[in-house]
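Numbering of residues begins at 1 and proceeds along the displayed sequence. Order of appearance sets the numbers: ligands from 1, and atoms from 1 within every ligand. In this text, all values refer to a predicted model and were calculated from it rather than measured experimentally.
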Amino acid sequence: MCSRRWEWSLTLEILLLPHLFLATSIQGPTKYAIPGGNVSLQISNLPKNHRSLIWFYTADQKIVEWESGDPKYFDTKFKDRAMLDLNSGTLHICKVQKEDSSTYLLRVQKDTEDEDEWKIPLVVLDPVPKPVIKVNKTEKVNSCHLLLSCVIQDQPVNYTWYWESGSFPKQLQNSVLEEVHTPQNYSKSYTCQVSNPVSSQNSTIKFTSSCVLAFSSGVAWMATWPVIMVTTLLNLLWT
Ligand SMILES: *[C@@H]1O[C@H](CO)[C@@H](O)[C@H](O)[C@H]1NC(C)=O
Ligand SMILES: *[C@@H]1O[C@H](CO)[C@@H](O)[C@H](O)[C@H]1NC(C)=O
Ligand SMILES: *[C@@H]1O[C@H](CO)[C@@H](O)[C@H](O)[C@H]1NC(C)=O
Ligand SMILES: *[C@@H]1O[C@H](CO)[C@@H](O)[C@H](O)[C@H]1NC(C)=O
Ligand SMILES: *[C@@H]1O[C@H](CO)[C@@H](O)[C@H](O)[C@H]1NC(C)=O
């Protein structure tokens, strides 16, 4: 009795083993989307001989399943927002929400019983707002010390500063830029560009001389009053 049972389980194992080894898992690159937008989760080549397709939102939540005939959409938040393209296996999602961020899973069963699995991470991000450049300048005898801060609230972004003749080296790319102007040597403009994987925005400030800013949008004044009045007056005279 005991030995028979042992034989049985051994046979079962031999039958199951090959299938365990033929399940392949492929990690796709991360997809990005903005709230309210549309996104298509696609794989490069769907096996021709597939028998069934299942898209998962998480490991235990199915979005849609196809075996034959029409795909079956499960009663999830994706019910009216997701569409499966049977030819390519692509899952189209419209009106994307932040909560849709997840690592999606496509499981494909081939007619050989082998299984292929794709993992596609989706990150839903707000576009970045237009940055505001704050200027703190300290006028010295023959120089002007500048602290330029590019301000973005509560959102991870990357900063890129540009001056008149190009961008700054990578190690200086931070939210704050420190510069020293002299009357002989200064940049007439600075641009702060902020970006995340879904968007990019920038603001520019301009200097009319080494320590005088031209009035422009996207600048928060931290200079002293007389300076502001002088530049405003200059601008009025010019226009
Ligand atoms: C999203 O897709 C729907 C349906 O295909 C379309 O009507 C809509 O304009 C698309 N929206 C965007 C932001 O692309
Ligand atoms: C401006 O920068 C100077 C020198 O770094 C500093 O002492 C001062 O507190 C700053 N002012 C403001 C308003 O941040
Ligand atoms: C002008 O300023 C830039 C940047 O601060 C510096 O690299 C360059 O050497 C300066 N040139 C002169 C002539 O001071
Ligand atoms: C910033 O840039 C790095 C390197 O290019 C990138 O890995 C990272 O995702 C970026 N972060 C944002 C918020 O865009
Ligand atoms: C700044 O934004 C404008 C459009 O808003 C774009 O044309 C320009 O190329 C951007 N400049 C930089 C340096 O990112």
Side-chain angles (χ1 to χ4, degrees), residues 26-42 93 96-104 119-183 185-232:
I26 301 151
Q27 173 84 37
T30 302
K31 291 282 274 187
Y32 293 95
I34 55 171
N38 296 338
V39 71
S40 297
L41 305 179
Q42 60 209 100
I93 305 173
V96 175
Q97 302 161 2
K98 280 212 182 144
E99 304 77 51
D100 293 347
S101 297
S102 179
T103 296
Y104 290 70
K119 288 183 178 158
I120 304 183
L122 172 68
V123 178
V124 183
L125 284 175
D126 283 322
V128 294
K130 197 174 167 70
V132 172
I133 299 176
K134 283 194 180 166
V135 182
N136 176 354
K137 53 187 187 133
T138 313
E139 206 159 357
K140 303 246 167 98
V141 177
N142 211 5
S143 65
C144 184
H145 293 247
L146 298 164
L147 274 179
L148 309 179
S149 339
C150 191
V151 185
I152 289 285
Q153 301 292 347
D154 311 324
Q155 209 176 331
V157 297
N158 278 334
Y159 298 90
T160 313
W161 284 95
Y162 297 88
W163 59 320
E164 251 182 333
S165 33
S167 65
F168 284 91
K170 223 178 175 73
Q171 65 271 20
L172 292 177
Q173 300 297 359
N174 209 316
S175 73
V176 178
L177 185 70
E178 210 174 334
E179 282 287 288
V180 179
H181 278 180
T182 64
N185 190 10
Y186 68 93
S187 172
K188 287 197 179 67
S189 71
Y190 293 90
T191 297
C192 170
Q193 181 191 59
V194 293
S195 59
N196 68 7
V198 295
S199 68
S200 151
Q201 288 270 7
N202 68 60
S203 287
T204 299
I205 54 165
K206 293 197 159 76
F207 283 86
T208 54
S209 70
S210 68
C211 215
V212 181
L213 278 157
F215 196 77
S216 49
S217 62
V219 183
W221 290 89
M222 288 175 87
T224 47
W225 267 105
V227 178
I228 298 173
M229 279 160 63
V230 167
T231 38
T232 312

Within 6.0 angstrom of Q97 CD, more than 12 heavy atoms from elsewhere: yes

Aromatic ring pairing W161/Y190, orientation class (parallel under 30°, perpendicular over 60°, tilted between): perpendicular

Quick check: closest heavy atoms across [X] and [Y], and the distance to 0.1 Å?
X: S143; Y: V180; result: CB-CG1, 4.1 Å
X: E179; Y: F168; result: OE2-CE2, 3.8 Å
X: C150; Y: P131; result: SG-CB, 3.6 Å

Option nearest atom 10 (C) of ligand 4 (shortest heavy-atom distance, choices N158, T160, N196, V198): N158

Candidate with minimal heavy-atom separation from atom 2 (O) of ligand 2, of N136, T138, L146, L147: N136

Closest protein heavy atom to [atom], given as residue, atom name and distance to 0.1 Å:
atom: atom 1 (C) of ligand 5; answer: N202 ND2, 1.4 Å
atom: atom 14 (O) of ligand 5; answer: Q193 NE2, 2.7 Å
atom: atom 13 (C) of ligand 4; answer: P156 O, 3.5 Å

Donor-acceptor contact present, side-chain T208 to main-chain A214, <3.5 Å: no

Contact atoms of ligand 5, heavy-atom distance to Y162 under 4.0 Å: 13 (C)

Passing option when Q201 is tested against I152, V128, V157 for side chain to side chain contact (heavy atoms under 4.5 Å, CB included): V128

Under 4.0 Å to a heavy atom of S195 - the qualifying atoms of ligand 4, by number: 14 (O)

Atom 5 (O) of ligand 5 protein-contacted (non-hydrogen atom, under 4.0 angstrom): no

Test item: protein heavy atom less than 4.0 Å from atom 8 (C) of ligand 5: yes

Sub-3.5 Å N/O-N/O distance, T191 and ligand 5: no

